[in-house]
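Chain letters run A, B, ... following the sequence lines, proteins first, then strands; residues in each count from 1.
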Amino acid sequence: MDKFTKLTSSAIPLSIENVDTDQIIPARFLKATSRDGFGENLFRDWRFHKDGNPNQDFILNDTTYKGSILVAGDNFGCGSSREHAAWAINDYGFKVVISSFFADIFKGNALNNGVLPIQVTPEYLQKLFNEIEKDANTQIEVDLEAQKVTILATSSSSTFEINPYKKTCLINGYDDIDFLISNKSAIEEFEKEKI
Amino acid sequence: MKKTLFDKVWDAHVVKEIQDGPQILYIDKHLIHEVTSPQAFGQLEQRDIPIFRPEQIIATADHNTPTKDQHLPIKDALSRNQLEQLTKNCEKNNITLYGLGHKYNGIVHVIAPELGITQPGMTMVCGDSHTSTHGAFGTIAFGIGTSQVAQVFASQCLLLQKPKSLRVSVNGQLKSGVLPKDVILYIIAKLGTNAGTGYFCEYAGNVFEEMSMEGRMTVCNMSIEMGARGGMIAPDETTFEYIKGKDFAPTGAEFDKKVAYWKTLPTDEGAVFDKEYHFDAADIEPMITYGTNPGMGIKISENIPEENNASFEKSLAYMNFEKGQSLIDKEINYVFIGSCTNSRIEDFRIAANYIKGKKKANNVTAWFVPGSQLVAQQIVEEGLKNIFEEAGFKLRQPGCSACLAMNDDKIPEGEYCVSTSNRNFEGRQGQGARTILASPLVAAATAIEGKIIDITKQLN
């Protein structure tokens, strides 16, 4: 897993609520057996018309907006547990998703893939949308160590919560498998006692 | 300390607590299918990590499988490859696979309960958000991502923060024609799609106590649609009776010993939940959805609400509905009875009971897809297949089918489908398809009438 410490980037605003993982990556693209290449079909049915031409009204096709931060409406990532959604977001180039609320499974999947989900207040989320609307190139700084996100132009910042264990994993690029395997004797002991 | 059902099962599975961090939770049963497992197998293979407890894993093929001509090779190359990968991975790792053509094949959340694999007090996971279904047995069951599938492969454990507790109580008398699907659609419509996020939900009250196991599964199945990772119902005599005699259920003295333990699981009197909701059963009516998330539901006789916000309007525009509109008499060309929510024998009994002696509407294409081979067999044995065929319906073979349209069962663009499945997201049943979620009774009535009718009027 890639390490994550600090990031400064402009952002892409997706001001839609309840974005479900079926929109992030539709089921018909889940037939692959590797983790690669899902970015191509990220938000497929919003990004492209049925004939394959890009939908110019969709924000990802608006060249005004660029960056590795996605700022999204409330309850992002609800629905299916498909980790393909996190893979698609990562593969497309997003390293951070900011929203006022995340669905549980998506949040976990993102963290397991080095994508940082940042939950802010609805007010701060609105502030982000407003600043990006004012200046599409406005720079947003994400500091994982300090657990802080800042709109650099206004210095308006907000702290965010993250589990200390997950924070360590992201900063060091660790994943849970190594940790679990290192606890194998405790697991075997548990099994014996249970039976 | 007074404990909830959830606390009791969770606490019994904690291997270790990490300071300031998550807990290591032991997983009793791991269910896998073809879509969310290949990358996990790949990850382990790449790192040369063996599968720790293959005997605690059960595999099935369901998401991609065709519902016609299952004896023939699968036409779609990608689907075929995914199923072949699953077979290879299971063979290589000594994992039991109920693949296509096996007598136990079917939707993962239908087969594990009907085979007696799902039992109270267990922890169960699957790379599928509707794993919450198994909570109907008083089981901690929840969906996981593929990285977590790999973690369970490697260690039979997961690293998790204990979720908060939520209880939804429904008491009183349900009206005639109100099914478990209506109860859960009503709850989600009242609470919204994220009320349960961060929580594990227990359903309590006489409505759930009086429900069959199949009804309880329908309710727990949709817990994730209000954001809850899982839902649970306390095990009772109905649960024990359902499990008894199932192919993989404990037998004899072992069964009695298990029952004695299962009886200790219900929430202690006076245990405290982080959040509680109460509903009156008498207020629930047959439900339908009008929007693009399962929380956008109304009583079938009600009109679409008038809300002013961009996401709501986007949703109505997709559905081609208007604020204030009634859905009664809306012409419907597609009906789907199936999915891990409503594809069990009781669902088909309900449909058959309504359909008997009637004829399918000419404009309707209907897919009746049993959840498993065993359900399909029972449909034949009980004579329901004949009832469906006399009315002009054809029975399909088991699988997830049009619930997520990964196989050929896709609803065409712009068409409405009254569906017994669990999600009405944009494009869920096919690109541009418009899904209206409902109970098997409302779906059957739609298939006969060719339009949405106020079923409550017929019942009265």
Distance in Å, A:D176 CG paired with B:Q151 CD, rounded so as to fall on 0.5 Å steps: 4.0 Å

Heavy-atom proximity to chain B below 4.5 Å, by part of A:S34: backbone

A:K31 bridged to B:D76 by N-O distance under 4.0 Å: yes

Residues 36-45 of chain B: residues contacting chain A (heavy atom under 4.5 Å, by number): B:T36, B:P38, B:Q39, B:Q43, B:L44

Salt bridge present between A:D20 and B:R423 (N-O < 4.0 angstrom): no

Under 4.5 Å from a heavy atom of chain A, the part of B:V149 involved: neither

Region of A:N18 in contact with chain B, defined by heavy-atom distances below 4.5 Å: side chain

Approximate separation, where rounding is to 0.5 Å, of B:L78 CG and A:L30 CG: 11.0 Å

B:Q431 vs A:D45, side chain to side chain donor-acceptor pair (under 3.5 Å): CA-CA, chis, key distance, verdict: CA-CA 8 Å; B:Q431 268 181 284; A:D45 293 341; 3.3 Å; yes

B:A12, part contacting chain A, at a heavy-atom distance under 4.5 Å: backbone

Contacting moiety of B:N89, where chain A heavy atoms sit under 4.5 Å: neither

Contact class of B:L404 relative to chain A, heavy atoms under 4.5 angstrom: both

Contacting moiety of A:F102, where chain B heavy atoms sit under 4.5 Å: backbone

Contacting region of B:E426 [heavy-atom separation from chain A under 4.5 Å]: both

Under 4.5 Å from any heavy atom of chain A - which part of B:A310: neither

Distance (rounded to the nearest 0.5 Å) between A:Q23 CD and B:R428 CZ: 10.0 Å

Side chain to side chain, A:I105 and B:I144, heavy atoms closer than 4.5 Å: no

Proximity breakdown for B:H13 and chain A, heavy-atom pairs closer than 4.5 Å: both

Chain A contact via B:Q56 - side chain, backbone, both or neither, heavy atoms under 4.5 Å: side chain

Distance (rounded to the nearest 0.5 Å) between B:N194 CG and A:C78 SG: 8.0 Å

A:I16 CD1 to B:S311 OG distance, which is reported to the nearest 0.5 Å: 7.0 Å

From OG (B:S147) to CE (A:M1), nearest 0.5 Å: 9.0 Å

Proximal component of B:F312, with respect to chain A [non-hydrogen, under 4.5 Å]: neither

Interchain contact, A:D36 with chain B, by part (heavy-atom threshold 4.5 Å): neither

Stepwise side chain to side chain donor-acceptor pair (under 3.5 Å) test for A:Y165 and B:Q161: CA-CA 10 Å; A:Y165 166 81; B:Q161 295 275 58; over 6 Å; no

B:R229 with A:D104: basic N within carboxylate O range, under 4.0 Å: no

